[in-house]
Every structure is written in C-alpha cells, then in structure tokens.
K.L.:
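Handing you this structure, nothing more for now.
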Amino acid sequence: MDRIYMDNAATTRVREEAAEMYLRVMRENFGNPSSVHAFGREAARELNAARKTVARVLNAEKDEIFFTSGGSESDNWAVKGIARALAHKGKHIITTAFEHHAILHTCEALEKEGFDVTYLPVSADGLVLVADVANAMREDTVLVSVMAANNEVGSVQPIAEIGALCRDMGVLFHTDAVQAAGHIPLDVKAQNIDLLSLSGHKFYAPKGTGVLYIRRGIVPQNLIDGGEQEKGRRAGTENVPAIAAMAVALQLAAQEMREETERLTALREKLKRGISEICPEAIFNGKAGLPGHLNVTFPGIGGEALLLSLDMAGIAISAGSACTAGSLDPSHVLLAMGVEEDLVKSSVRFSLGKYNTEEDVDRVLEKLPNILQRLRN
Ligand SMILES: *Cc1c(COP(=O)(O)O)cnc(C)c1O
C-alpha cells in the first residue's frame with residue numbers, strides 16, 4: 001500500500017508544474033543571469049519573470065522582491081539586517097515566544113550583540129494579542145517580528161492589525177509568512193508589512209529557495225556580501241531554475257487557494273471528528289487557522305512513540321516541529337501556549353496538503369485505534 005504523507009508543514013512534495021519548470025530552465029537556460037551575453041540575458045529574463053510573478057501575488061513591486069536560499073535566510077536577513085542597520089536609533093526588538101527557531105535563535109544571537117528582545121506571550125489558542133504588541137513598544141523599539149501563521153498549530157495571527165499599529169508608531173514590521181504563503185491571502189500593502197519572508201518548499205516548490213520582500217526605501221544591512229546580484233543586496237549566483245519553479249508554484253497556489261482551503265478544511269474536520277470518536281480525551285491545540293493543520297494531544301501517549309508507530313504503518317506525521325524532532329526538547333510553541341509539559345510530550349501534528357485524499361484520512365482513522373491501544377499498554 002502507498003505510504004501516506006501528512007507532514008506538509010515540514011515540507012511538501014514539488015508539484016508537477018514546478019518540476020517541469022525547474023527541468024526546463026535547468027536544461028535550456030543555464031546561463032548566469034549576471035552575464036551580458038545572450039545566455040545570460042535569457043536567464044535574466046526567467047529571473048525577471050519570476051520576480052514579477054512573486055510581486056504580483058504579494059501585491060508588491062518587482063524591485064521589492066529579493067530571492068534567498070529559503071525561509072531561514074530570509075528571517076535572518078530581515079531581523080539581523082534591520083537591527084544592525086537601525087542600531088543607532090535603538091536596540092529593542094519585539095517578537096513572540098512561539099516563532100520559528102529561525103527567528104528565535106536569530107534574536108538570541110542579537111542579544112549577544114547587545115540588542116534587547118521582548119518575547120511576547122501567546123494565548124492558549126496560539127494567538128498574539130495586538131494590545132500586547134502595543135504595550136511592549138518603547139522609545140528604542142526598531143523592529144517588530146510576528147509570524148503570519150504558526151507552523152506547529154496553524155493559528156493565523158492578526159498581522160494586518162499589528163502592521164497598522166507599527167506603521168502608526170513608525171516601527172518596522174517583519175512577518176515570517178513561511179507557513180502562510182500559498183495557503184492564506186497575503187497583501188503587503190493592505191497588511192502594512194515592511195518585510196516578509198517566504199520559502200518555496202512549503203508550497204510545493206523546490207527546497208533551498210525563498211524570498212524576502214523589502215518595502216521600497218528600507219535597507220537592511222546585507223547578510224551575504226559578494227557580487228552585485230539582487231541589486232547588490234544579496235550576493236550569490238541565483239538558483240534560476242528553482243526560483244522559476246517557486247514563482248509558478250506560488251502563482252498556482254494563489255489561484256487554487258479558495259478551492260483548496262475548502263477541500264483541506266473538510267478533510268481536516270473529518271480527521272478531527274474521527275480522532276474525537278476514537279479518543280474522546282484528545283485535545284486539539286490552537287485556534288484553527290491554516291486549513292491543513294491539526295495539532296493533537298493524546299493524554300498518556302508519547303508523541304514520539306505515536307509518530308514511530310504511525311510511521312511503521314506507513315503514515316508520516318510529526319511530533320512538535322520537524323526542527324525539534326530527534327531532540328528531547330518539548331515543543332516551545334505548545335509550552336508558550338501554556339500546555340503542561342506532560343501534555344506537550346503527548347502531542348503530534350498532522351498537516352494535510354495538496355496530495356492528501358479522503359482515503360488517506362480514512363486510513364489514518366482505521367490504523368489509529370489499534371496503535372493507541374498498544375501504546376496505552
Ligand atoms: C519552515 C519554516 C521556516 C524555515 O524555512 P526554510 O526554508 O526551511 O529555511 C521558517 N519559518 C517558518 C514558520 C517555517 O515553517
């Protein structure tokens with residue numbers, strides 16, 4: 001029987017249209033986009049087309065789109081770049097306790113450089129309160145970074161409101177939209193976003209490709225120095241095939257968003273209902289936001305053990321986040337939401353995606369009772 005992949009929040013399978021684009025550009029268009037000759041100009045054309053597509057989807061301008069190696073680089077560049085560029089104005093940054101490690105560890109590195117970081121608490125539902133952001137603002141605050149949607153529980157944050165608040169106060173606003181991009185609507189203008197990170201492999205494009213949107217007029221310090229690529233702000237020969245593939249995947253995700261949201265929400269709700277029937281004491285973590293996420297606590301069951309049992313049954317899910325798997329650290333996201341440590345260790349994440357079907361959900365619900373029974377004994 002085919003294996004079932006329900007870990008789409010960790011990464012996704014590249015969609016056919018993106019794979020085709022990737023192969024076509026790699027085969028036919030290998031030039032260096034910085035070269036002056038025809039080979040270079042053709043590669044530059046692909047890059048330009050991709051930039052235009054990404055800008056259109058985000059309601060940004062073409063010259064505000066910078067290609068990077070992925071979400072982690074975009075987050076590092078945004079936060080370190082702004083902090084270092086504005087250090088003369090102030091050294092205070094506001095973020096939240098349940099950001100991805102690409103933000104949290106970046107902030108910890110900045111604390112060692114002498115910056116002061118406020119880590120806002122989150123509600124039991126996994127929501128950041130706009131009032132908490134307002135209350136944390138200080139004279140020396142230079143940046144607020146709040147994720148658009150949480151990767152472990154899928155809760156969608158009030159980024160438009162936080163963006164409006166920051167704009168009013170004259171403080172820059174960055175959002176890690178890696179988990180949100182391609183899944184919920186993003187509009188950098190309507191949402192008052194100054195910097196936004198996204199990553200291709202979370203929306204069916206190849207790994208190792210990302211974007212940092214930087215609003216016109218804002219200049220974070222460079223993270224990667226070298227050649228004049230990306231207007232001299234991010235050195236390194238662009239991965240043109242992967243970038244072209246990412247652009248096509250982002251555009252298709254935007255086109256299919258409404259229908260796919262409906263489909264995934266129905267699947268997720270079916271899975272949730274089924275789990276409740278099998279295990280009435282199961283607890284669902286976080287206010288539903290992203291359509292495919294379902295974070296569940298099975299009291300008395302080890303999350304890691306459940307993951308391994310499901311894996312043996314050919315079903316791939318995650319315990320906490322992929323980045324903390326293999327370590328015994330309990331999820332910092334659930335801890336920040338106030339979930340007790342025992343229950344955190346009994347929690348797993350199902351994340352449904354484009355390639356999941358109703359049959360997949362049926363199969364999970366069919367396997368689960370025996371596995372839970374065995375793990376209880
Ligand atoms: C996956 C993820 C990242 C890291 O992106 P990479 O492209 O894997 O470096 C950052 N933030 C969030 C919210 C993510 O889900």
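Only this structure's heavy atoms are used, side chains among them; waters, hydrogens and symmetry mates stay out. This structure is a prediction, so every number in the text was calculated from the model and none was measured. We count ligands from 1, going down the list as the structure has it; atoms in each ligand are counted the same way.
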K.L.:
Considering only heavy atoms of His201, which atoms of ligand 1 have at least one such atom less than 4.0 Å away?
P.N.:
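Reading through ligand 1 atom by atom, the close ones are 6 (P), 7 (O), 8 (O).
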
K.L.:
Decide whether Leu86 and Trp77 are clustered together by the hydrophobic rule: side chain heavy atoms of Ile, Leu, Val, Met, Phe, Trp, Tyr closer than 4.5 Å, transitively.
P.N.:
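Yes, one cluster joins them.
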
K.L.:
Side chains of Asn76 and Thr106: do they bring a donor and an acceptor to under 3.5 Å?
P.N.:
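Looking only at side-chain atoms, Thr106 and Asn76 do form a donor-acceptor pair, the distance falling under 3.5 Å.
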
K.L.:
Can you list, pair by pair, the side-chain donor-acceptor contacts under 3.5 Å of residues 50-57, counting residues two or more places apart and other chains?
P.N.:
| residue | atom | partner | partner atom | Å |
| --- | --- | --- | --- | --- |
| Arg51 | NH1 | Ile65 | O | 2.8 |
| Arg51 | NH1 | Glu230 | OE1 | 2.8 |
| Arg51 | NH2 | Glu230 | OE2 | 2.9 |
| Thr53 | OG1 | Ala49 | O | 3.0 |

K.L.:
Using a heavy-atom cut-off of under 4.0 Å, does the side chain or the backbone of Ser199 touch ligand 1, or both, or neither?
P.N.:
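Contact part for Ser199 vs ligand 1: side chain (C-beta onward).
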
K.L.:
May I ask you to check whether Glu73 has an N/O atom sitting below 3.5 Å from an N/O atom of ligand 1?
P.N.:
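Min N/O separation from ligand 1 is not below 3.5 Å for Glu73.
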
K.L.:
I'd like to check which ligand 1 atoms, numbered from 1 as shown, lie under 4.0 Å from a non-hydrogen atom of Asn151.
P.N.:
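Selected atoms, number and element: 13 (C), 15 (O).
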
K.L.:
My understanding is that we take every heavy atom of each candidate and find the minimum distance to atom 11 (N) of ligand 1. Doing that for Thr11, Asp176, Leu198, which one comes out nearest?
P.N.:
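The nearest heavy atom belongs to Asp176.
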
K.L.:
Which part of Met147 is near ligand 1, with near meaning a heavy atom under 4.0 Å away: side chain, backbone, both or neither?
P.N.:
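Only the side chain of Met147 comes within reach of ligand 1.
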
K.L.:
Can you sort out which atoms of ligand 1 are near Gly71, meaning under 4.0 Å from one of its heavy atoms?
P.N.:
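Numbered from 1, ligand 1 contributes 5 (O), 6 (P), 7 (O), 9 (O).
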
K.L.:
Check Lys207 against ligand 1 and report side chain, backbone, both or neither, counting heavy atoms closer than 4.0 Å.
P.N.:
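Contact part for Lys207 vs ligand 1: neither.
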
K.L.:
Which residues pass the side chain to side chain contact (heavy atoms under 4.5 Å, CB included) test with His92, sequence neighbours left out?
P.N.:
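So His92 forms a side chain to side chain contact (heavy atoms under 4.5 Å, CB included) with Ile94, Asp116, Thr118, Arg138, Asp140, Thr141.
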
K.L.:
For the pair Phe39 and His37, name the ring-plane relationship: parallel under 30°, tilted 30 to 60°, perpendicular over 60°.
P.N.:
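The rings of Phe39 and His37 stand perpendicular, inter-plane angle above 60°.
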
K.L.:
Which of the numbered atoms in ligand 1 are below 4.0 angstrom from a heavy atom of Asp75?
P.N.:
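Near Asp75, the atoms of ligand 1 are 10 (C), 11 (N).
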
K.L.:
Considering only heavy atoms of Gly70, which atoms of ligand 1 have at least one such atom less than 4.0 Å away?
P.N.:
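Answer for ligand 1: 7 (O).
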
K.L.:
Name the one of Ile4, Val361, Leu271 that satisfies side-chain contact (heavy atoms from CB on, under 4.5 Å) with Asn356?
P.N.:
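Exactly one pass, corresponding to Ile4.
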
K.L.:
Under 6.0 Å from the six-membered ring centre of Tyr5 and within 45° of its axis: does the NZ or CZ of Arg13 meet both?
P.N.:
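Cation-pi check for Arg13 and Tyr5: fails.
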
K.L.:
Step through the shown structure and confirm whether more than 12 heavy atoms of other residues, nucleotides or ligands are within 6.0 Å of NZ on Lys231.
P.N.:
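Yes, the 6.0 Å shell around NZ holds more than 12 heavy atoms from other groups.
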
K.L.:
Can you name the atoms of ligand 1, numbered from 1 with element, that are less than 4.0 Å from a heavy atom of Gln179?
P.N.:
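The atoms of ligand 1 under 4.0 Å from a heavy atom of Gln179 are 14 (C), 15 (O).
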
